[in-house]
Amino acid sequence: GAIRYDPAARLFLIQAPKAAGVFGFLGKNKVTAGAIDLELAPETGEFVTLMVTAVDDKPIAKSKRLLVSVPGKVLRSRAGTEEPLKLVNYPGTTDWWTLPKEDPNQEKPSAPSAGGSGPLWMERMESTLTLRTAAKAITVYPLDGAGARLKPLAAAEVQKAPGGFHIHLQGDGQELSPWFEIVSRR
């Protein structure tokens with residue numbers, strides 16, 4: 001029961017004592033996976049990959065340090081620009097996606113996924129994560145690419161809730177990161 005897939009919802013959930021995750025087409029619904037609930041912001045896409053793991057090898061509800069990973073889709077830049085290469089429908093379909101051809105003389109119907117030049121573009125996954133925990137207080141730090149802590153989320157972004165906390169991730173004005181460290185105080 002720690003791993004569950006709902007093919008109708010196209011949603012994969014991890015609900016283990018030391019890990020919780022939501023992967024797939026969440027849409028605008030709130031979903032529960034073990035010690036967490038997740039709800040995407042209205043302007044965010046419908047697909048999510050979010051994983052919460054205990055860094056100190058304790059159950060999530062008792063952990064003093066948690067790692068939250070919530071990357072969005074990553075696209076390369078259009079060749080010769082610093083603009084993201086946007087997905088388009090595969091020729092002749094409405095439910096398949098691909099990268100558009102950048103060279104009209106190219107034989108294949110899609111641009112190569114590798115190539116182009118930097119930078120890479122990662123979708124921001126603004127969401128509300130509800131963490132069920134016995135902690136009296138928590139601090140949430142966005143992490144940089146090397147795992148170092150950035151400025152913690154403001155108190156308005158981390159609200160006490162019955163049985164835990166609501167955490168607003170990747171909101172306007174926050175340090176943008178796909179990784180967050182949650183430090184609990186008992």
Checklist line | Those residues that, when tested against L13, pass side-chain contact (heavy atoms from CB on, under 4.5 Å) (two or more places apart) | finding: R4, L11, Q15, V22, V31, A33

Notebook entry, point to check: Can you pull the salt bridge (charged side-chain N to carboxylate O under 4.0 Å, His left out) pairs that have at least one residue in residues 80-92, sequence neighbours excluded?
Noted result: R78-E83

Next item on the list: Answer yes when E181 and R65 have at least one side-chain N-carboxylate O distance shorter than 4.0 Å, and no when they do not.
Entry: yes

Next item on the list: Mind jotting down which residue pairs meet the ring-ring contact (aromatic ring centres under 6.0 Å, His included) criterion with at least one end in residues 50-80? Sequence neighbours excluded, please.
Entry: none

Next item on the list: Enumerate the residue pairs fulfilling salt bridge (charged side-chain N to carboxylate O under 4.0 Å, His left out) with a member in residues 7-25, sequence neighbours excluded, ordered by first and then second residue.
Entry: K18-D57

Next item on the list: Hey, could you give me each pair passing ring-ring contact (aromatic ring centres under 6.0 Å, His included) that has a residue in residues 152-186? Not counting sequence neighbours.
Entry: none

Note to self: Once ring-ring contact (aromatic ring centres under 6.0 Å, His included) is applied, do any residues pair with Y90, and if so which ones, sequence neighbours excluded?
What the structure shows: W96

Next item on the list: Can you measure from OG1 (T98) to CG (L87) and round to the nearest 0.5 angstrom?
Entry: 7.5 Å

Next item on the list: Quick one: list whatever passes side chain to side chain donor-acceptor pair (under 3.5 Å) with D56, sequence neighbours left out.
Entry: S63

Notebook entry, point to check: Mind checking what makes salt bridge (charged side-chain N to carboxylate O under 4.0 Å, His left out) contact with D172, not counting sequence neighbours?
Noted result: R124

Checklist line | Shortest non-hydrogen contact from R76 toward L120 | finding: CA-CD2, 3.7 Å

Donor-acceptor list for residues 134-147 side chains, cut-off 3.5 Å, not counting sequence neighbours:
residue : atom : partner : partner atom : Å
T139    : OG1  : R185    : NH1          : 2.8
D144    : OD1  : A146    : N            : 2.9
D144    : OD1  : G147    : N            : 3.0
D144    : OD1  : A148    : N            : 2.9

Note to self: Tell me every residue that passes salt bridge (charged side-chain N to carboxylate O under 4.0 Å, His left out) with E157, counting only those two or more places apart in sequence or in another chain.
What the structure shows: none

Notebook entry, point to check: Taking only residues at least two apart or on different chains, which pairs with a member in residues 33-44 satisfy salt bridge (charged side-chain N to carboxylate O under 4.0 Å, His left out)?
Noted result: D37-R132

Next item on the list: Would you mind listing every ring-ring contact (aromatic ring centres under 6.0 Å, His included) that reaches into residues 24-73, with sequence neighbours excluded?
Entry: F25-F47

